[in-house]
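This report refers to the structure that appears directly beneath it.
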Amino acid sequence: MSNMKTNMNNLEDILTSLNSKKLRVCVIGIGRIGLPTALSFAKSGLDTIGVDINENLVQNINCGNFPLKDEPGYQKIFDDVIKNKKFSATTNIEDAVPNSDLILLSLPTPMDENNIPDYSALRTVASKLSDILSPNSLVIVESTIEPGFIEDEMISIITKSERLTVKENFFIGVCPENANPGEILHDFTNLPRLVGSITPNITKIIKSIYNFVFSVELIEMPNCKTANAVKLTTNVFRDINIAFVSELSLMFEKLGIDTNQVLEAAKKKYNFQVHYPGAGVGGPCLPINSYQLLNTARRTGVKLDIIESGRKINEKMPDHVIDLTIDAFKESGTSLEGSNILILGISYKPDVKDVQLTPAEHIIKKLKNLGVNVHIYDPYFSSTKKFDIKISESFSLELLEKMNATIIVTAHEEFTKINISKFSKMKTPILIDTRGIVDPVDAQNSQLIFRGLGRG
Ligand SMILES: NC(=O)c1ccc[n+]([C@@H]2O[C@H](COP(=O)([O-])OP(=O)(O)OC[C@H]3O[C@@H](n4cnc5c(N)ncnc54)[C@H](O)[C@@H]3O)[C@@H](O)[C@H]2O)c1
C-alpha cells in the first residue's frame with residue numbers, strides 16, 4: 001500500500017487518488033454485505049483491506065476460501081483480487097485503519113431478545129476509531145441504522161478523544177446497503193443507492209467514489225438521517241404489506257378463496273404492488289428494520305400502530321402453520337403426538353443459506369413441544385445440524401416413506417420442481433404448503449390431505 005494520505009474533503013485530491021488507484025480502502029465487518037463490498041472496491045483496482053473480529057473468517061479468506069458460496073458471480077472476483085493482492089483480511093484494526101483513507105462500516109445491527117436494536121458493534125468500532133482514525137479520513141456507514149444515529153451518537157463517539165473535529169479533519173456519511181442476499185452482485189450493479197452526509201461537498205465525494213466502483217444511480221439525500229429513513233421506509237413497507245396479505249389470507253382460507261388467485265388478479269392493477277403471505281418473515285433485515293423504526297418512535301414519543309400490528313401478525317403466522325397441521329392430522333384420524341414430520345426448507349427465504357430469525361425455528365419448536373419427531377431437509381444445510389436436528393442429506397423416497405406429514409416452509413427452487421404425487425408415499429399423506437407453491441388441484445389428484453396457507 002502507498003503511504004500517501006488522500007485528503008478526503010478534497011474532491012480533486014480524491015479523483016486523482018482514484019484514477020491512480022492510490023486511494024486506500026478499509027472495510028470493517030466483512031460478512032454477507034461487507035465482503036462483497038470490499039471485493040467490489042478491490043476489483044476496481046483499489047487496495048482494500050477487510051477487518052473482522054471473526055478469526056476463522058479472516059484466516060479462511062486469506063487462505064483463498066471464499067465463504068459466500070450462495071452469492072453467484074463472486075467466486076471469480078474473489079479469486080482474482082486475492083491473487084493480485086488487491087484484497088486481504090485482518091483482525092488487526094489498529095494496523096488497518098490508520099493506513100486507510102476511506103473506512104466503510106458494514107457492521108451488524110441485530111436486536112436483542114426483547115426486540116431492542118443492538119448497535120454495540122458500531123459503538124465499539126466508533127470508539128476505537130476515535131483513537132486510531134487518521135486525520136482527514138472519511139467514514140461511510142453502510143449498516144442499517146435508525147435515522148439520527150449518526151448525528152446523535154456516532155459523531156460524538158468518534159470525536160470524543162478531541163483529536164478529530166467533524167467537518168474539519170474528520171468526515172462521515174452514509175450509503176445504506178440495500179442488496180438482497182443471494183443476488184448481491186446483481187443488486188450492487190443495478191440498484192440505486194442513497195447517499196447522505198454531513199456536508200454537500202462530502203455527499204458529492206461519496207457519490208464520486210461509489211460511481212467509480214459501482215456505476216449505479218446515486219440518490220443525493222440532504223443528510224444522513226434522511227438517507228437512513230428512506231432505507232428503513234422501503235423495507236418496513238414490505239414487512240407491513242406481507243402482514244397485510246397474511247392477515248387477509250387467514251380470512252380468505254375461511255371463505256374458501258384462494259389468496260394466490262386474488263393476488264395474481266390484483267397485481268394486474270397498475271398501482272397494486274404484490275406481496276405474498278407465508279409462514280412468517282425472518283432474515284437480518286425486515287423484522288429488525290420494523291423494530292428499529294419502533295425504537296425511533298419510542299425515542300421521539302410517537303406511536304407507530306401499523307408497524308406494531310404488522311409485526312404482531314407476522315410473528316403469529318408460524319402458529320397458523322401449526323393450526324393447519326393439527327387440522328390435517330384430525331382429518332387423517334392419526335395422532336400428531338409421536339408422528340414424524342418433515343420440514344422442507346429452514347432458510348428464511350428461498351435459495352439462500354441463512355436461518356437468521358427464520359420462522360422455521362418457531363414451527364420446529366412448537367412441533368417438538370407437541371411431541372412430534374421433527375426431520376429437516378434443506379439443500380443449503382444438508383448433513384449439517386440445525387436447531388438440534390441432523391439435516392437429511394437428500395430429499396429421497398426412503399425419507400418420505402418414514403413421514404406422516406411434510407411442511408413446506410421455504411420455497412427453495414428445488415422444492416418447486418418436486419412431483420407432488422411423491423408425497424402420497426408418506427405413511428399418512430399430509431402435505432402443508434406455507435408458500436403457495438403447490439397447486440391444490442395437483443394435491444387433490446394425488447389424494448393428499450392438503451392444507452395450503454391462505455388457499456381456501
Ligand atoms: N444481509 C442483508 O441482507 C443485508 C442487506 C442490506 C443491509 N444489511 C445491513 O448490513 C449490515 C451488515 O449486515 P450483514 O448481513 O453483512 O451482517 P453479517 O453478520 O453477515 O456480517 C457482519 C460482520 O461483522 C463482523 N463484526 C461484528 N462485530 C465486529 C467488530 N466489532 N469489529 C469488526 N467486525 C465485526 C462479524 O464478525 C461479521 O463477519 C447490517 O446493518 C445489516 O442490517 C444487511
Side-chain angles (χ1 to χ4, degrees), residues 26-40 49-61 66-71 74 89-97 100 103-111 117-132 139-147 149-150 154 157 174-188 191-194 224 227-228 230-236 238-239 281-293 295 347-358:
C26 171
V27 180
I28 308 183
I30 41 172
R32 169 73 68 172
I33 294 295
L35 180 56
T37 302
L39 296 179
S40 305
I49 186 149
V51 175
D52 208 288
I53 46 169
N54 182 340
E55 286 175 19
N56 238 343
L57 174 73
V58 166
Q59 203 173 18
N60 260 317
I61 288 174
F66 180 59
L68 300 172
K69 300 282 182 225
D70 56 350
E71 286 301 343
Y74 274 110
T90 179
T91 53
N92 193 340
I93 191 168
E94 281 91 357
D95 261 5
V97 167
S100 303
I103 317 292
L104 302 173
L105 304 187
S106 220
L107 290 156
T109 47
M111 57 186 181
D118 171 1
Y119 300 113
S120 56
L122 278 169
R123 289 188 181 116
T124 307
V125 169
S127 183
K128 192 99 224 155
L129 292 181
S130 92
D131 294 326
I132 60 175
V139 175
I140 303 177
V141 180
E142 292 211 350
S143 302
T144 309
I145 47 179
E146 288 173 46
F149 186 76
I150 300 290
M154 280 294 274
I157 303 177
V174 298
C175 188
E177 187 45 66
N178 56 2
N180 279 312
E183 301 165 88
I184 291 185
L185 185 58
H186 169 269
D187 289 354
F188 272 12
L191 296 187
R193 296 280 295 262
L194 304 154
C224 298
N228 292 127
V230 177
K231 157 78 200 189
L232 287 178
T233 302
T234 52
N235 273 7
V236 174
R238 286 167 54 216
D239 200 31
V281 177
C285 293
L286 300 200
I288 299 171
N289 297 163
S290 282
Y291 282 114
Q292 286 177 315
L293 276 189
N295 197 45
S347 296
Y348 77 89
K349 72 171 214 170
D351 302 316
V352 294
K353 184 181 180 180
D354 194 339
V355 292
Q356 291 179 72
L357 300 178
T358 177

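Counting starts at 1 for both ligands and their atoms, in listed order.
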Can you produce the list of protein nitrogen or oxygen atoms under 3.5 Å from a nitrogen or oxygen of ligand 1, alongside each distance?
from: ligand 1; atom 1: 16 (O); to: Arg32; atom 2: N; distance (Å): 3.3
from: ligand 1; atom 1: 16 (O); to: Ile33; atom 2: N; distance (Å): 2.8
from: ligand 1; atom 1: 20 (O); to: Arg32; atom 2: N; distance (Å): 2.9
from: ligand 1; atom 1: 34 (N); to: Ile53; atom 2: N; distance (Å): 3.4
from: ligand 1; atom 1: 37 (O); to: Asp52; atom 2: OD1; distance (Å): 2.5
from: ligand 1; atom 1: 39 (O); to: Asp52; atom 2: OD1; distance (Å): 3.3
from: ligand 1; atom 1: 39 (O); to: Asp52; atom 2: OD2; distance (Å): 2.7
from: ligand 1; atom 1: 41 (O); to: Leu107; atom 2: O; distance (Å): 3.4
from: ligand 1; atom 1: 41 (O); to: Thr109; atom 2: OG1; distance (Å): 2.6
from: ligand 1; atom 1: 41 (O); to: Thr144; atom 2: N; distance (Å): 2.9
from: ligand 1; atom 1: 43 (O); to: Thr109; atom 2: OG1; distance (Å): 3.3
from: ligand 1; atom 1: 43 (O); to: Thr144; atom 2: OG1; distance (Å): 3.3

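A side chain to side chain donor-acceptor pair (under 3.5 Å) with Ser290 holds for exactly one of Asn295, Asn235, Asp239; it is Asp239.
Between Phe149 and Cys224, every side-chain heavy-atom pair lies at or beyond the 4.5 Å cut-off. Put simply, the side chain of Tyr74 reaches to within 4.5 Å of the side chain of Ile184, judged on heavy atoms.
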Applying side-chain contact (heavy atoms from CB on, under 4.5 Å) to Leu107 and Tyr119, what does each step give before you reach the verdict? CA-CA 9 Å; Leu107 290 156; Tyr119 300 113; over 6 Å; no
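In the displayed structure, Glu94 atom CD is contacted under 6.0 Å by more than 12 heavy atoms of other residues, nucleotides or ligands.
Of all the heavy atoms in Gln292 and Glu146, the pair that sits closest is O-CD, 3.3 Å.
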